Number of protein chains: 2
Amino acid sequence: MSEPQELKNAGLKATLPRLKVLSLFESSEQRHLSAEDVYRMLLTSGEDIGLATVYRVLTQFEQAGLLVRHHFESDKAVFELNHGTHHDHIVCLQCGRVEEFYDEEIEARQKKAATERGFSIHDHSLHIYADCTKQPCPYKD
Amino acid sequence: MSEPQELKNAGLKATLPRLKVLSLFESSEQRHLSAEDVYRMLLTSGEDIGLATVYRVLTQFEQAGLLVRHHFESDKAVFELNHGTHHDHIVCLQCGRVEEFYDEEIEARQKKAATERGFSIHDHSLHIYADCTKQPCPYKD
DNA sequence: TTGAATGCAAACGATTTGCACCCAA
DNA sequence: TTGGGTGCAAATCGTTTGCATTCAA
């Protein structure tokens, strides 16, 4: 499906900033991007898009279900394409490396613990904070 | 152990603001408090303590191991007394209710997933985000 | 006495918002 | 044409920091 069509299906006008942000996520090898990341990457590739617009577009994409927002214990939010399949994250607190994983048993036990305590669980990923054991950490923050 | 003594053991001078903040956590029925919460509760009980001091004291207590800091997906950090035993949290995104739990199997599987992917895990609690199923949510935010 | 701790106000970094201008439908 | 979208700058919000003053040891 074309990107303009993806946006229309999400109920959003196919404007230039939206197309650029969407294709950035679809082409970037980094799955998790902050607003600043997106803003800087767009500037670098010669686009003239304001930071406020980036924030607005990211929020709209989140509401439309195109992106998922995470916080990862840092001050700034990161976004990733919503590929529909639920998964959790392991995040290195030193370098920011993120790996995804899924464990059926963890999901089931989470759900049970929540239900027993009067909660209805969200389809919200767990974040496990850790340190890379590789020396040195393979990414810089 | 007396509170002044607890502070000294933690390597901190027993100043009035520190004593007040510590005893607030030890006497509050709410385990999880933000800096603003602490600040307002101190003001209410007639103490004259600056917000900046509250932030400094909370950070020092965290570094000294007296408190643990969490983010709980909201914009502001909350702190709880460090009672030494590791536990995870289930947080209602509507009302902020927090319940603690511990599941051996979840811990083991987390650790395994992390190790397999080149991470050394932190003793950092998981946060499970959910909605209260009780009507209405029993706490207000 | 004296360096550490505080209070206040200014500074900060991430994010949001008001408003005049612009563009996709 | 026209209402939503955008850029810019100013405003927010939580948190931190500089500095002169105060206090615990």
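Keep in mind it's a predicted model, so treat the numbers as computed, not measured. Lettering follows sequence order; numbering is per chain, from 1.
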Classify the side-chain pair A:Glu80/A:His89 by whether it contains a donor and acceptor separated by less than 3.5 Å.
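Result is yes, a qualifying pair exists.
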Does one hydrophobic cluster hold both B:Tyr102 and A:Leu126, with members joined at side-chain heavy-atom distances below 4.5 Å?
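No; tracing contacts between hydrophobic side chains, which count when under 4.5 Å, never links both residues.
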Are A:Val91 and A:Val68 in one and the same hydrophobic cluster, where Ile, Leu, Val, Met, Phe, Trp and Tyr link if side-chain heavy atoms are under 4.5 Å apart?
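No, A:Val91 and A:Val68 fall in different hydrophobic clusters.
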Value in whole Å for how far the [atom2] atom of [N] lies from [atom1] of [X]:
X       : N      : atom1 : atom2 : answer
B:Tyr39 : D:dC13 : OH    : P     : 16 Å
A:Asp48 : D:dT6  : CG    : P     : 13 Å
A:Tyr55 : D:dG7  : OH    : P     : 15 Å
B:Leu51 : D:dG14 : CG    : C1'   : 9 Å
B:Phe79 : D:dG14 : CZ    : C1'   : 11 Å
B:Gln60 : D:dT17 : CD    : P     : 12 Å
B:Gln5  : D:dA24 : CD    : P     : 17 Å
B:Glu36 : D:dG14 : CD    : P     : 6 Å

Under 4.0 angstrom, heavy atoms only, what part of the nucleic acid is B:Ile49 near: base, sugar-phosphate, or nothing?
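Result for B:Ile49 = sugar-phosphate.
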Check: B:His83 side chain, B:Leu81 main-chain N or O, donor-acceptor pair, under 3.5 Å:
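It does not hold such a pair.
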Does anyone know the first and last nucleotide of DNA chain C in reach of chain B, 5' to 3', at under 4.0 angstrom to a heavy atom?
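Extent of the interface on DNA chain C: C:dG3 to C:dA9.
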Proximity to the side chain of B:Ala77 - top-ranked nucleotide from D:dG14, D:dT15, D:dA25:
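Shortest atom-to-atom distance from the side chain points to D:dT15.
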Looking only at the side chain of B:Arg56 (C-beta and beyond, no hydrogens), which of the listed nucleotides D:dT15, D:dG18, D:dT6 gets closest?
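Nearest to the side chain of B:Arg56 among the choices is D:dG18.
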Roughly how far, to the nearest 0.5 Å, is NE2 of B:His32 from CD of B:Gln30?
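Spacing of CD (B:Gln30) from NE2 (B:His32) equals 9.5 Å.
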Between A:His71 and B:His71, does the side-chain hydrogen bond (donor to acceptor under 3.5 Å, both in side chains) criterion hold? Intermediate values first, please.
CA-CA 9 Å; A:His71 280 91; B:His71 281 89; over 6 Å; no
Aromatic A:Phe101 / basic B:Arg109 pairing, under 6.0 angstrom, 45° off normal
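Not flagged: B:Arg109 not positioned over aromatic ring of A:Phe101.
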Using heavy atoms to find the nearest nucleotide of DNA chain D for A:Arg18 and B:Ala52 separately, return the residue whose nucleotide is more 5′.
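Counting from the 5' end, the first nearest nucleotide belongs to A:Arg18.
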